[in-house]
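Structure, as structure tokens:
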Amino acid sequence: METRYIRDTFCATSLLLMALSIALGVSELPNGAFVPIILVIPAVFAWRGCNRPIDAWVVIGGAVLGAFVIVEGVHQQPLVGRSNAGLWIFLLAIWALAWRGIDRVANYSSLITWRQRLADIAVPIAFGLWLLFLWEAVVVGLSVPQVLLPPPSMIGVKFAASLSILWADFVQTFLKAVVSGYILGCGSGLLVAVLIDRVPFLQRGLMPIGNMASALPIVGVAPIMVMWFGFDWPSKTAVVVIMTFFPMLVNARAGLGAAGRLEEELLASYGATYWQTLLWLRIPASLPFVFNALKINSTLALIGAIVAEFFGTPIVGMGFRISTEVGRMNVDMVWAEILVAAIAGSMFYGIMTLLERYFTFWHPSYRKST
Amino acid sequence: MTTSVITNVDTTGLSRPGWFSRALAGNALPVLIVSIAIIIVWYAATIYMNATMQVDQFERAEQEWSYGELVAGTMSQERPLLPAPHQVIAEMTKTIFGKKITSKRSLVYHSWVTLSSTLLGFAAGGLLGVLLATGIVHSKALEKSLLPWIISSQTIPILAIAPMVIVVLGAVGFKGLVPKAMISMYLGFFPVAISMVKGLRSPDVLQMDLLRTYNASRIQVFGLLRWPSSMPFLFASLKIAVAISLIGSIVGELPTGAQAGLGARLLAGSYYGQTIQIWSALFMAAFLSACLVGLIGVVERIVLHRMGARQ
């Protein structure tokens, strides 16, 4: 039987690149002494293959250490001569190593639930951290102008330094405008869907219009709302209400028709009234659709409120901060604000997903697919 | 089956349902009536909202006024709080047909500016979405690492930071079409990617197994089975993508200092209180959106029909 000396091409590639980077003088960098130690990892796994789960963690550990060396290295400005080229080649070597590790974890399957879940969560987190690292290394290493893209470390520092301003903006835009508009918009959409349930004529008249309105650039009503309701948050609330109304109407309407015929007939045979059927069967059956709309609307609401602030606002708010700081070329502050928006948006969406899981646990989409 | 039997029966001798009940059965009449109701409400709102300003105007001119004059006045203000529908339509016909297409005052010119970046961003976003979906379907590592980020990328209100993208890219020399198209692309790739992942996975297990017994390569499986069976998903997502691409370019036009495009018309209108201009830009955007979605619907029907889909 033929003996294979190279069992893992990714690790072999990483090994070659790493050797090359050492030849180019990467170990002259501060902490560069780690590089020969990291080199051992791909050397071992290229030879004996990277198959066990524990191997993946060792490989990823090596990649993390390498990433640390690179980040320290790029912050050592200016980079000189050979070690600069070595650094980028070392980055490619780390890339190959990290990919091997992530690939291994992604293909991991275990019958033990918590292990499987841990692996499933680890992959996207590792990928996100990798992106952050790449962003930092490339932006700092290539001296990208800060106006174009500040490094994540700078955004983090700015974020921590201006918490009070960011909180005030968050209160103004999110807690006042988005939450009130979201509740009003989704609530009225739901209410109208239930009200027109008994009037087929209105359904047939309103639904095509509602479907069409979902495709319209509704955010364009923002200047009109600002004109009508003034500069403060009520005008933003109005925009959010209009933006969230139609998706909820359309989805809730579809949901109210989603109850099974058998169940409806069962309730009819019990002599249930219209309202009883609605309360005990059709509204619960419509929940998956309603939550779908709630999730869509969570992003729409934030967008609506921030865009509306571009058309006029008091001197606080996320949209206001973004547009003025862009004008002053304080891009790090803008990115800190984007971070707030991202956190708020993801949390909002996440809360809706959790609620959905709690209320619609019976839905087939939560069944384990095997 | 039963329907075909019934249609084959000669019904000429029987009394057919009257036009009124037929109209009631379809969607056309209800939609028409609801639309008319909306227009009536709109006119009423016009009178109600503009009345105070009109009364002010009369009093400033120290003019006697009757209710008839008041109603007429509310519908012919130059900068009304809410313009009447006919004012908007008059403004639209004036700026669409009355001006040369190349003129900066022509709505056609502004629509074209918006439309071109929408289409560019839509094409790029659609392509990116399909490529991502293809990668995700074929690599488990890509699926597990990319998919959660694709989904969470949309919880970030990118539309809200669009102005920054425009200004920053403008500062380093990217101006005009490309930055706007990038925003459209960012918005448009998402529905396509998500839907195509589903679509490319939609083939039947039996069909996949059949191709495996033929020893088909991955590329062949893709071309012969995955791609054709993902078509309905592709078109459904393209319709969503084109609509939000348009929104992306409109918002992308806001920060460029009102140069050109429907978004610039909105912004200029809001600066100078030109409500009629805002409304006509809004109507134009709605019209464009409906046209684009409709166009994709037509292409969808042609393609699916040629692929042998049943009506």
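Naming convention: chains lettered A, B, ... in sequence-line order (proteins, then strands); numbering from 1 in each chain.
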Quick check on the interface: out of A/Val334, A/Asp103, A/Ile224, A/Leu206, who has the most heavy-atom pairs with chain B under 4.5 Å? A/Ile224

Quick check on the interface: out of A/Ala222, A/Gly304, A/Ser323, A/Gly205, who has the most heavy-atom pairs with chain B under 4.5 Å? A/Gly205

Between atom OG1 of B/Thr275 and atom CH2 of A/Trp228, what is the distance when rounded to the nearest 0.5 Å? 9.5 Å

I need the B/Ile244 CD1 to A/Ile303 CD1 distance, nearest 0.5 Å. 8.5 Å

Scanning both residues in full, the closest heavy-atom pair of B/Ile278 with A/Met227 reads CD1-CE, 3.8 Å

Residue part contacting chain B, namely of A/Trp130, when any heavy atom lies under 4.5 Å: neither

Select, from B/Ala286, B/Ala290, B/Ala37, the one with the greatest count of heavy-atom pairs under 4.5 Å involving chain A. B/Ala286

Tell me, please, which residues at least two apart from A/Asp332 pass salt bridge (Lys or Arg N to Asp or Glu O under 4.0 Å). none

Are more than 12 heavy atoms from other residues, nucleotides or ligands located less than 6.0 Å from atom CE of B/Met49? yes

Could you tell me whether the side chain of A/Leu131 reaches within less than 4.5 Å of the side chain of B/Trp149, counting heavy atoms only? no

Min side-chain heavy-atom separation B/Leu282-A/Val221 under 4.5 Å: yes

Okay, B/Ile38 and chain A: the region with an atom under 4.5 Å from a heavy atom over there is side chain

